Amino acid sequence: MFEQNLKYLEAEIILAEPRGFCAGVDRAISIVERILEIHGHPIYVKHEIVHNEHVVKNLQNKGVVFVNNICDIPKGRIVIFSAHGVSQSVKNEAYKRKLKVFDATCPLVTKVHREVIRLNKIGREIIMIGHRNHPEVEGTLGQVDKGIIHFVETFKDVNSLKVNNPENLSFVTQTTLSINDSELIIKLLRKKFPNILGPKKDSDICYATQNRQEAVQVLSKSCDLILVIGSKNSSNSNRLCEVAKNEGIQSYLINDESEINSSWLLNSKRIGITAGASAPEILVKNVIVQLKKLGAISVRTIPGLKETVHFPLIKELAI
Ligand code: SF4
């Protein structure tokens with residue numbers, strides 16, 4: 001009966017642009033697939049290659065083994081570092097274990113790693129803004145010896161932060177933060193430490209994170225519900241959901257069409273869809289098919305920025 005009522009939903013589906021895969025995710029998955037082609041399975045990946053359940057399951061089915069610890073990989077085998085990057089100690093452990101290493105760290109994360117190493121070399125005291133325990137944060141903090149970088153996530157962290165020399169401070173950020181939240185944290189840092197130096201663009205938030213958040217802000221103006229396709233552990237997907245909610249729109253993060261709850265759709269006439277940077281476009285297509293089954297009648301895209309960023313594969317795999 002409930003399903004029958006929903007047949008008369010007559011909602012419009014509105015897609016955000018850009019959405020879905022970024023250049024770093026595309027490159028990381030291509031690296032794994034290319035190594036599988038060349039070397040066959042099993043190959044090992046430290047951490048999920050990107051934070052998406054479907055991508056991970058698909059690669060597992062092809063013989064990729066995902067591990068959280070390097071010591072779980074048999075000596076001499078192939079390991080790929082995920083797009084989030086790893087600490088220097090993980091790299092050292094892999095070399096000690098004589099693993100053949102391929103690095104799928106997103107070049108934009110590597111850029112932050114290099115900056116942390118440079119700042120440390122010239123004797124600057126460093127603060128990192130990010131989400132506690134996120135693998136990218138662990139990798140970036142781990143570019144220098146333990147305890148060298150201060151870590152902040154909240155206003156409370158900034159307020160209680162004690163540094164050695166406020167005149168010699170620099171900060172870096174995680175690449176997938178909320179633009180609005182990070183601006184507030186940076187503002188507070190600058191208030192507390194007026195001479196702190198930051199990245200050129202005032203944060204290390206990447207182009208893909210920024211573009212997808214801005215597209216959701218635009219989408220919010222035309223929708224009464226926004227479905228964000230992405231996995232629960234995907235930082236940038238969670239941020240997209242928050243952006244929609246901050247714009248006053250009910251929003252849900254779903255892995256795929258099976259997680260659509262019909263009750264969300266009852267009063268929705270304009271359903272927005274976006275996808276996190278690690279969510280494949282096929283999931284968007286499947287969600288559209290499901291919404292049409294439930295009575296949605298049309299699909300349109302709000303034209304947005306066309307992304308042209310492309311990262312070449314690592315040298316060893318160049319065709
Ligand atoms: S979200 Fe940004 S930093 Fe992360 S993989 Fe994509 S481009 Fe790289």
Side-chain angles (χ1 to χ4, degrees), residues 16-34 45-56 59 66 80-87 102-116 128-131 133-143 171-182 198-216 228-243 253 274-281 283-284 304-314:
E17 184 180 74
R19 60 175 184 276
F21 275 11
C22 61
V25 162
D26 202 33
R27 174 180 180 267
I29 296 171
S30 300
I31 288 174
V32 177
E33 285 176 338
R34 183 89 186 100
V45 176
K46 165 84 173 75
H47 197 74
E48 293 184 354
I49 185 74
V50 299
H51 282 156
N52 186 271
E53 253 180 43
H54 287 270
V55 171
V56 167
L59 290 173
F66 293 92
I80 303 165
F81 297 147
S82 78
H84 315 96
V86 298
S87 65
F102 293 93
D103 192 354
T105 304
C106 174
L108 300 181
V109 174
T110 303
K111 193 170 147 230
V112 182
H113 288 184
R114 291 208 180 108
E115 180 63 0
V116 161
M128 175 169 199
I129 305 168
H131 293 295
N133 300 328
H134 188 279
E136 182 189 326
V137 168
E138 287 174 1
T140 303
L141 294 178
Q143 294 309 306
F171 72 88
V172 296
T173 76
Q174 190 178 332
T175 56
T176 51
L177 296 180
S178 144
I179 297 168
N180 291 344
D181 292 352
S182 64
K200 269 198 201 120
K201 285 197 265 164
D202 215 31
S203 88
D204 297 296
I205 294 175
C206 73
Y207 79 96
T209 299
Q210 173 154 2
N211 292 348
R212 280 151 192 68
Q213 288 180 19
E214 286 173 358
V216 167
V228 178
I229 302 168
S231 291
K232 305 286 178 276
N233 60 348
S234 160
S235 174
N236 79 85
S237 304
N238 277 290
R239 303 295 80 80
L240 294 179
C241 220
E242 282 169 16
V243 169
L253 179 62
T274 187
S278 44
E281 183 65 11
L283 301 179
V284 175
L305 210 83
K306 302 271 181 224
E307 290 178 342
T308 53
V309 180
H310 170 76
F311 298 131
L313 295 190
I314 43 183

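Fair warning: this is a prediction, and the values are worked out from it, not measured in the lab. Remember, it's 1-based here, ligands and their atoms both numbered in the order they're listed.
- Only the side chain of Cys22 comes within contact range of ligand 1, with a heavy atom under 4.0 Å; no backbone atom does.
- Among the backbone and side-chain atoms of Cys106, none of the N, O or S atoms lies under 2.8 Å from atom 6 (Fe) of ligand 1.
- Nearest protein neighbour of atom 2 (Fe) of ligand 1, counting heavy atoms only, is Cys206 SG, 2.3 Å.
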Check: What do the steps show when you test Glu53 against Lys232 for salt bridge (Lys or Arg N to Asp or Glu O under 4.0 Å), and what is the final call?
Finding: CA-CA 9 Å; Glu53 253 180 43; Lys232 305 286 178 276; over 6 Å; no
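- Nearest protein heavy-atom neighbour of atom 3 (S) of ligand 1: Thr175 OG1, 3.3 Å.
- One distance of note links NE2 of His134 with NE2 of His84; it measures 5.0 Å at 0.5 Å rounding.
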Next item on the list: Test side chain to side chain donor-acceptor pair (under 3.5 Å) on Thr105 and Asp103 and set out the steps.
Entry: CA-CA 6 Å; Thr105 304; Asp103 192 354; 2.4 Å; yes
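- Atom-to-atom distance recorded for Gln143:CD and Thr110:OG1 is 8.5 Å, nearest 0.5 angstrom.
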